[in-house]
Number of protein chains: 2
Amino acid sequence: MPNLTRAIEKYIHDLLESEEGTAGASLRGASVSLRRKELAASFGCVPSQINYVLRSRFTPERGFLVESQRGGHGYIRILRIACEEPEEKMNHIEDIVGDSISEPEAHRLLQVLQERGMITVRERLLIEVALRHSDEMGRSDFDLSQHKRNTIQAEMLKRMLRGLVLA
Amino acid sequence: MPNLTRAIEKYIHDLLESEEGTAGASLRGASVSLRRKELAASFGCVPSQINYVLRSRFTPERGFLVESQRGGHGYIRILRIACEEPEEKMNHIEDIVGDSISEPEAHRLLQVLQERGMITVRERLLIEVALRHSDEMGRSDFDLSQHKRNTIQAEMLKRMLRGLVLA
DNA sequence: ATTATTGATTATCCTTGACCATCATTATAA
DNA sequence: TTATAATGATGGTCAAGGATAATCAATAAT
């Protein structure tokens, strides 16, 4: 069993994918509903495993929302957010980056953006080089605190992404 | 065993090389996945040695990206974005950029690179945003001389191009 | 002085299970 | 008939444990 979490993630992704072609899906964004218990049973795992997959993979940062209801007729609904307007997309990114971002956080974010097709692998590389250089200068040439460096890093990252979105 | 690092480096390079022939590799860039623990064991060294090799040899400045995941089913994936060889072309660029470059000079260089199809419009934009931010910080936050700023700019530009233009 | 190597410690990811919360339906009481 | 209480059927939370990988500081080699 090479990775249960990824298998479940892929399954849900495929569901959303097949929902994509549906009428109006591109406007309202795709969505799927499922039973936690059934999905868990079909993968032969404990139900809370589903929560783990949702919490770790279908996050707002990755462009998803999750709704649910308990009790009889309970359900879990996963929605893919469609950020059509460049401005929306930008606001979303600004929120995620924030005023300060660490190197590992930036690294993860860039990986996600690449997986979502928002940047190419070459663009990701360029951004990483720029962030590394900025961080290195801040550390060895100007002796800045880590927080200050993370602030500068966030500013540079946002500017670079803004430029791309508006391009 | 003083050449452990180089041996591991070569091993990973060879893996990437053999991946090169694969379908679509030239488009998406070559990549290999491995287990840190296993690789270390096969070289009879401690696992953190692998991190040293990756940190010192497979950097974005050299055209590589590294992804990893901890925990069960953990892995390390190395992606090569830039091709090898074009040592000559790279030296040429290093010469042109030199130790110091003004913003208009950088601008012209990037335009030429774009016209020659070596970088895309978006990549050029990304580089220009990074250079501008660096320059702006140097001026207003650290009150650096223009020459110092041009030196920093040249360094950043070379690093970004090294990762990319080797193609 | 720089680069390489090691090992101890820390951080992260995944999986499971016990226990908690909420909703819909049904039974019961007024 | 209506209000309320019990019941069953979901989903949520959290903490523990195992499996990796990352970090960092000390040491060795060049």
Side-chain angles (χ1 to χ4, degrees), chain A residues 1-12 31-62 64-79 102-109 111-112 115 128 132 135-136 139-140 146 149-150, chain B residues 1-12 31-62 64-79:
Chain A
M1 286 243 188
N3 209 331
L4 182 54
T5 294
R6 275 202 293 264
I8 297 173
E9 176 188 11
K10 181 176 188 321
Y11 176 79
I12 296 175
S31 76
V32 291
S33 289
L34 43 85
R35 262 42 215 308
R36 187 179 79 147
K37 206 169 62 169
E38 288 174 10
L39 185 56
S42 84
F43 278 95
C45 69
V46 107
S48 58
Q49 176 72 28
I50 306 303
N51 294 90
Y52 177 74
V53 176
L54 296 175
R55 191 170 11 105
S56 60
R57 305 295 155 92
F58 293 87
T59 63
E61 176 183 295
R62 296 182 182 220
F64 297 94
L65 288 180
V66 176
E67 301 169 349
S68 67
Q69 194 157 82
R70 310 187 190 191
H73 307 92
Y75 63 83
I76 293 179
R77 177 155 39 237
I78 298 131
L79 302 92
S102 70
E103 194 266 333
E105 284 169 343
H107 193 74
R108 270 198 299 276
L109 173 61
Q111 194 172 325
V112 168
E115 280 161 6
E128 292 204 359
R132 277 166 59 95
D135 191 66
E136 186 184 317
R139 186 165 30 76
S140 43
Q146 173 154 344
R149 281 182 276 135
N150 286 355
Chain B
M1 293 278 171
N3 276 349
L4 221 199
T5 294
R6 254 176 298 187
I8 296 173
E9 178 186 10
K10 181 176 188 321
Y11 177 78
I12 295 174
S31 76
V32 291
S33 289
L34 43 86
R35 291 295 183 76
R36 189 181 78 148
K37 207 170 56 169
E38 288 174 8
L39 184 57
S42 83
F43 277 93
C45 68
V46 104
S48 56
Q49 176 71 27
I50 307 301
N51 294 91
Y52 177 73
V53 176
L54 295 175
R55 198 178 51 231
S56 59
R57 306 294 204 267
F58 294 86
T59 65
E61 289 84 353
R62 295 185 183 201
F64 298 93
L65 288 178
V66 175
E67 303 171 353
S68 68
Q69 200 153 83
R70 311 186 192 192
H73 309 97
Y75 64 82
I76 293 180
R77 176 157 40 237
I78 299 127
L79 300 91

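Labels below follow one simple rule: chain letters A, B, ... track the order of the sequence lines, proteins then strands, and each chain is numbered from 1.
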Expressed in angstrom and rounded to an integer, what is the separation of [X] atom [atom1] from [N] atom [atom2]?
{"X": "B:R57", "N": "C:dT5", "atom1": "CZ", "atom2": "C1'", "result": "13 Å"}
{"X": "A:E105", "N": "C:dA11", "atom1": "CD", "atom2": "C1'", "result": "14 Å"}
{"X": "A:R108", "N": "C:dT12", "atom1": "CZ", "atom2": "C1'", "result": "9 Å"}
{"X": "B:Q49", "N": "C:dT5", "atom1": "CD", "atom2": "P", "result": "4 Å"}
{"X": "B:I50", "N": "C:dG7", "atom1": "CD1", "atom2": "C1'", "result": "15 Å"}
{"X": "B:L4", "N": "C:dG7", "atom1": "CG", "atom2": "P", "result": "12 Å"}

### Message
Under a 3.5 Å distance rule, please check whether A:H107 uses its side chain to pair with a backbone N or O of A:E128 as donor and acceptor.
### Response
no
### Query
Pairing of DNA chain C as dot-bracket, 5' to 3': ( ) intra-strand, [ ] crossing, | other strand, . unpaired, with Watson-Crick or G-U pairs under 3.5 Å?
||||||||||||||||||||||||||||||
### Message
How long is the straight-line distance from CZ of B:F58 back to CD1 of B:I76, given to the nearest 0.5 Å?
### Response
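Answer rounded to 0.5 Å: 11.0 Å.
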### Contact letters for nucleotides 9-21 of chain D, in which S counts primed atoms plus P, OP1 and OP2 and B counts the base, heavy atoms under 4.0 Å
BBBBB-----BBB
## Note on the structure
Across all chains, not counting sequence neighbours, the salt bridge (charged side-chain N to carboxylate O under 4.0 Å, His left out) partners of A:R139 are none
### Task
Please list, chain by chain and in numerical order, all residues satisfying salt bridge (charged side-chain N to carboxylate O under 4.0 Å, His left out) with A:E61, sequence neighbours excluded.
none
### Side-chain heavy atoms of A:R132 within contact of B:T59, under 4.5 Å
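When only atoms from C-beta onward are counted, B:T59 and A:R132 do touch, with a gap below 4.5 Å.
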### Query
Do A:R6 and A:R57 touch side chain to side chain, with heavy atoms closer than 4.5 Å?
yes
### Message
Run the ring-ring contact (aromatic ring centres under 6.0 Å, His included) test against A:Y52 and tell me which residues pass, sequence neighbours left out.
### Response
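Once residues adjacent in sequence are excluded, A:Y52 has no partner under the ring-ring contact (aromatic ring centres under 6.0 Å, His included) criterion.
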### Query
Are any of B:Y52's side-chain N or O atoms less than 4.0 Å away from OP1 or OP2 of C:dA4?
yes
### Summary
The answer to which of B:G44 and A:T5 contacts DNA chain C further toward the 5' end, by nearest nucleotide, is B:G44
### Query
Within a radius of less than 6.0 Å around OH of B:Y75, do more than 12 heavy atoms belonging to other residues, nucleotides or ligands occur?
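Above 12, so yes.
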Taking distance alone, no hydrogens or angles, what donor-acceptor pairs closer than 3.5 Å link side-chain atoms of residues 35-50 of chain B to residues at least two apart or in another chain?
| residue | atom | partner | partner atom | Å |
| --- | --- | --- | --- | --- |
| B:R35 | NE | B:G74 | O | 2.8 |
| B:R36 | NH1 | B:N51 | OD1 | 2.6 |
| B:S42 | OG | B:L39 | O | 2.9 |
| B:Q49 | NE2 | B:T5 | OG1 | 3.0 |

